Amino acid sequence: MATFQSLPGFRDFYPDDLSRRNYIFRLWRQTASAFGFSEYDAPVLEPLDLYKAKSGDEIEAQLFSFTDKGGREVALRPEMTPTVCRLVGAKANALKRPIKWFSIAEFYRYERMQKGRGRCFNQLNADIFGEPGPEAELELLALLVQSLCSFGLTSEDFYVRLSDRNLWFFYLEALGLDEARIRGVLGAVDRYEKYGEDAFKGYTEQYGALDPELKAKVIGFLQIKSLAALEETLATMTDDKITARLADWRSLLGSLDAMGLSQFIQVDFGVVRGLAYYTGFVFEAFDRKGELRAIAGGGRYDDLVAKLGGPDLPAVGFAIGDMTFALLLEQRGLMPAMVQTVDVYCVIGGPAERTAAFAAIQSLRASGFRVEYPLKDVAFGKQFKAASEAGARLALIYGSDELAKGVVKLRDMNDRSEREVPIAEIVSAVRDTLSG
RNA sequence: GCGGCCAUAGCUCAGUUGGUUAGAGCACUUGAUUGUGAUUCAAGGGGUCGCGGGUUCGAGUCCCGUUGGCCGCCCCA
């Protein structure tokens, strides 16, 4: 047993772990690029105040934070949103709109571990700045769905619950609640699915029991699961804000339908998301079986860039965490085993053949082929076994008989056929065989 | 921050009411095999039984503490 181990909640990535992580990152990156998003990155360490400004002082308990040697209060980033707001805010006037950015990065939170949650994890973050209309939500929802579908997941495996904090606000306002009470009610709505009636306990303690008629309306609203139900509930309301908002909903759902994504989207006003900075559409992706934590979450946060010192800039974004996502892929058998593929395995007869092989090994590698060979002289049988286990497609056989004729043998490991190739033509022969 | 369960080899796990030198399978290394991928067989390396203390003639086993893990609560950006 080693004397040192990794810190609680942190993960080591041995080669086969890392190959799985790389697989996920590669498809995320490909997908985000296909949707026209540009990749960025930023420091892991940020000023503590960046997070306090966004989320309040309580956030510090859940951060890896400390005072650096220059006396600065700093924290490891627990999320990307404040950072990307800082980046975009600083150059907002110079950036072409819409600003579509993504990143794949590691985050740190000082929390107790649970299934699908550790103290360090990776996320794909994607955000659009500068577009106030639902066209931005459309892009992000489409990207979110495709970021999961790229791995072979389907609408049988996951879905995205779509809700709207604006409409909640407008509705509760129209029912006569002030802002503080609205936030209290939204807190209860957030918990309702889990605790039922008890979800309103906190509200009752703070503001007194909610009027029964009002409470019934709240519960009715959080049970809305379709645009039709939404329109029906709001039919008697003539408020301009509500009318305009319903138009946004029709536009967004219509466009999602045109993209063929309807089967992934579930209107669900039971989702409000905990944090208060969301200002419009909010959404969360879940596995259909409901066994795992949320796979992804996001929404609109039009006030945040300005709140962090930048210009007024509308924004929408989402994040997919790697831990729950990896659990889902494993559950569905969609996580590939590590495939360490080798193009060419060089089988070497002895010391003299080894020296003769080095030139070809070097040229093949310089040409970009993945080439392996045994570092020590071992029996032929072992070498072929090693070639097979390494997943080599070709074996290049350097034996004394072949070298005497000025050739090497090229063996196709799949169909076991062999042919002789002049030493000068090895690279082109390998290239032809592998591409053919 | 709170609660439940757990900790023996790289992995999955045995280990008798407390009793000699702590075991198996898989994995790894080597050999049988001096020119062809399988199977098989043989051998080998690897553990101060998470750590610390206590009870005892004697502790992997019982007790206390601690650290770590899994799960749940809080929280979930």
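Residue numbering restarts at 1 for every chain, and letters A, B, ... go by the order of the sequence lines. On a predicted model such as this, the values are computed, not experimentally measured, just so you know.
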Report summary line: A:E418 atom CD is separated from B:U36 atom P, nearest whole Å, by 10 Å
Report summary line: Rounded to whole Å, the OH-C1' distance (A:Y278 to B:C76) equals 11 Å
Query raised in the report: What nucleotide, of B:U36, B:G31, B:A77, holds the atom closest to the side chain of A:Q62?
Result: B:A77
Requested in this report: Kindly confirm or rule out a cation-pi arrangement of A:K307 over A:Y277, judged by NZ or CZ under 6.0 Å from the six-membered ring centre and within 45° of its axis?
Outcome: no
Query raised in the report: Given the C1' atoms of B:C51 and B:G68, what is the spacing between them in whole Å?
Result: 10 Å
Query raised in the report: Taking a pair as Watson-Crick or G-U wobble with both distances under 3.5 Å, which nucleotide is matched to B:G3?
Result: B:C71
**Report entry** Whole-Å C1' distance, B:G58 and B:U21
**Finding:** 15 Å
Requested in this report: With P as the reference atom in both, quote the distance from B:U40 to B:C6 in angstrom, rounded to an integer.
Outcome: 38 Å
Requested in this report: For A:E111, answer base if it contacts any base atom (sugar-phosphate contacts may also be present), sugar-phosphate if it contacts only those atoms, and nothing otherwise; contact means non-hydrogen atoms under 4.0 Å.
Outcome: base
Report task. Select base, sugar-phosphate, or nothing to describe what A:M413 touches, counting heavy atoms under 4.0 Å on all strands. Result -> base
Requested in this report: Answer with base, sugar-phosphate or nothing: what part of the nucleic acid does A:Q123 contact at a heavy-atom distance below 4.0 Å?
Outcome: nothing
Query - Pi stacking test for A:F384 and B:G37: under 5.5 Å apart, planes under 30° - result: no
Report task. Please indicate whether A:K115 has more than 12 foreign heavy atoms, meaning atoms of other residues, nucleotides or ligands, lying under 6.0 Å from its NZ. Result -> no
Query raised in the report: Which base sits across from B:U36 as a Watson-Crick or G-U pair, both distances under 3.5 Å?
Result: none
**Report entry** Donor-acceptor pair under 3.5 Å, A:R411 side chain vs B:G35 base
**Finding:** no
Report task. Answer yes or no: side-chain N or O of A:R416 and base N or O of B:U36 forming a donor-acceptor pair under 3.5 Å. Result -> no
Requested in this report: On the 0 to 90° scale, with breaks at 30° and 60°, tag the A:Y192-A:F200 ring pair as parallel, tilted or perpendicular.
Outcome: perpendicular
Requested in this report: Give A:Q383 one of three labels, base, sugar-phosphate or nothing, depending on what nucleic acid heavy atoms sit under 4.0 Å from its own.
Outcome: nothing
Query - First of A:K385 and A:S400 reached from the 5' end of RNA chain B, by closest nucleotide - result: A:S400
Query raised in the report: Can you find an N or O donor on one side and an acceptor on the other, under 3.5 Å apart, linking the side chain of A:E353 with the base of B:G35?
Result: no
**Report entry** Nucleotide nearest A:K409 when distance is taken to its side chain, options B:G72, B:G35, B:A77
**Finding:** B:G35
**Report entry** Distance-only donor-acceptor test (3.5 Å): side chain A:R112, base B:C76
**Finding:** no
Query raised in the report: Above 12 or not: heavy atoms from other molecules or residues under 6.0 Å from CD of A:Q223?
Result: yes
Report task. Report the distance from atom CG of A:D377 to atom P of B:U30, rounded to the nearest whole Å. Result -> 13 Å
**Report entry** Mate of B:C57 where both pairing distances stay under 3.5 Å, Watson-Crick or G-U
**Finding:** B:G19
Query raised in the report: Hey, does A:G9 reach any base, or is it just sugar-phosphate, or nothing, if we go heavy atoms under 4.0 Å?
Result: sugar-phosphate
Query raised in the report: Can you tell me how far P in B:A43 sits from the matching atom in B:C5, rounded to whole Å?
Result: 44 Å
Requested in this report: Give the nucleotide from the list B:C76, B:A77, B:G35 with an atom nearest to the side chain of A:D401.
Outcome: B:G35
Query raised in the report: Within this structure, what is the NZ-to-P distance between A:K382 and B:G37, rounded to whole angstrom?
Result: 11 Å
Query raised in the report: In whole angstroms, how far is the C1' atom of B:G37 from the CG atom of A:D415?
Result: 13 Å
Query - Any strand: nucleotide that pairs with B:A9 via Watson-Crick or wobble, under 3.5 Å - result: none
Query raised in the report: Between A:F25, A:F286, A:W28, A:F158, which is the residue that forms a ring pair (Phe, Tyr, Trp, His ring centres under 6.0 Å) with A:F325?
Result: A:W28
Requested in this report: Using a 4.0 Å heavy-atom cut-off across all strands, classify A:P8 as base, sugar-phosphate, or nothing.
Outcome: sugar-phosphate
Report task. Measure the distance from NZ on A:K115 to P on B:C6 and round it to the nearest whole Å. Result -> 20 Å
Query raised in the report: Distance check: side-chain N/O of A:R191 vs OP1/OP2 of B:C75, anything under 4.0 Å?
Result: yes
Query raised in the report: From A:F384 CZ over to A:Y345 OH, what is the distance, rounded to the nearest 0.5 angstrom?
Result: 10.0 Å
Query raised in the report: Are A:F64 and A:F10 close enough that their ring centers fall under 6.0 Å?
Result: yes
Query raised in the report: Quantified in whole Å, what is the C1' atom distance between nucleotide B:U39 and nucleotide B:A32?
Result: 14 Å
**Report entry** Complementary nucleotide for B:G44 - Watson-Crick or wobble, under 3.5 Å
**Finding:** B:C28
Report task. Give the rounded distance in Å between these two atoms: CZ of A:F107 and P of B:C75. Result -> 23 Å
Report task. Give one of base, sugar-phosphate or nothing for A:R77, where a contact means two heavy atoms less than 4.0 Å apart. Result -> nothing
Query raised in the report: Just wondering, more than 12 heavy atoms not from A:K241 lying within 6.0 Å of its NZ?
Result: yes
Query raised in the report: Should the heavy atoms of other residues, nucleotides or ligands under 6.0 Å from CG of A:D415 be counted, would the total exceed 12?
Result: yes
Report task. State whether the distance check finds a donor on one side and an acceptor on the other, under 3.5 Å, for side chain A:R273 versus base B:A77. Result -> no
Query raised in the report: Less than 3.5 Å between a donor and an acceptor, one on the side chain of A:R109 and one on the base of B:C76, is that the case here?
Result: no
Report task. Select from A:E284 and A:L7 the residue whose nearest nucleotide in RNA chain B is closer to the 5' end of that strand. Result -> A:L7
**Report entry** Separation of atom CD in A:E389 from atom P in B:A27, rounded to whole Å
**Finding:** 10 Å
**Report entry** Spacing of the C1' atoms in B:A59 and B:G15 (rounded, Å)
**Finding:** 14 Å
**Report entry** Residue A:F380, side-chain heavy atoms: nucleotide from B:G37, B:G35, B:C75 that is nearest
**Finding:** B:G35
Query raised in the report: Given the P atoms of B:G18 and B:C63, what is the spacing between them in whole Å?
Result: 11 Å
Report task. Tell which nucleotide pairs with B:A14, taking only Watson-Crick or G-U wobble pairs whose two distances are both under 3.5 angstrom. Result -> none
Query raised in the report: On a whole-Å scale, what distance lies between the C1' atoms belonging to B:G69 and B:G23?
Result: 24 Å
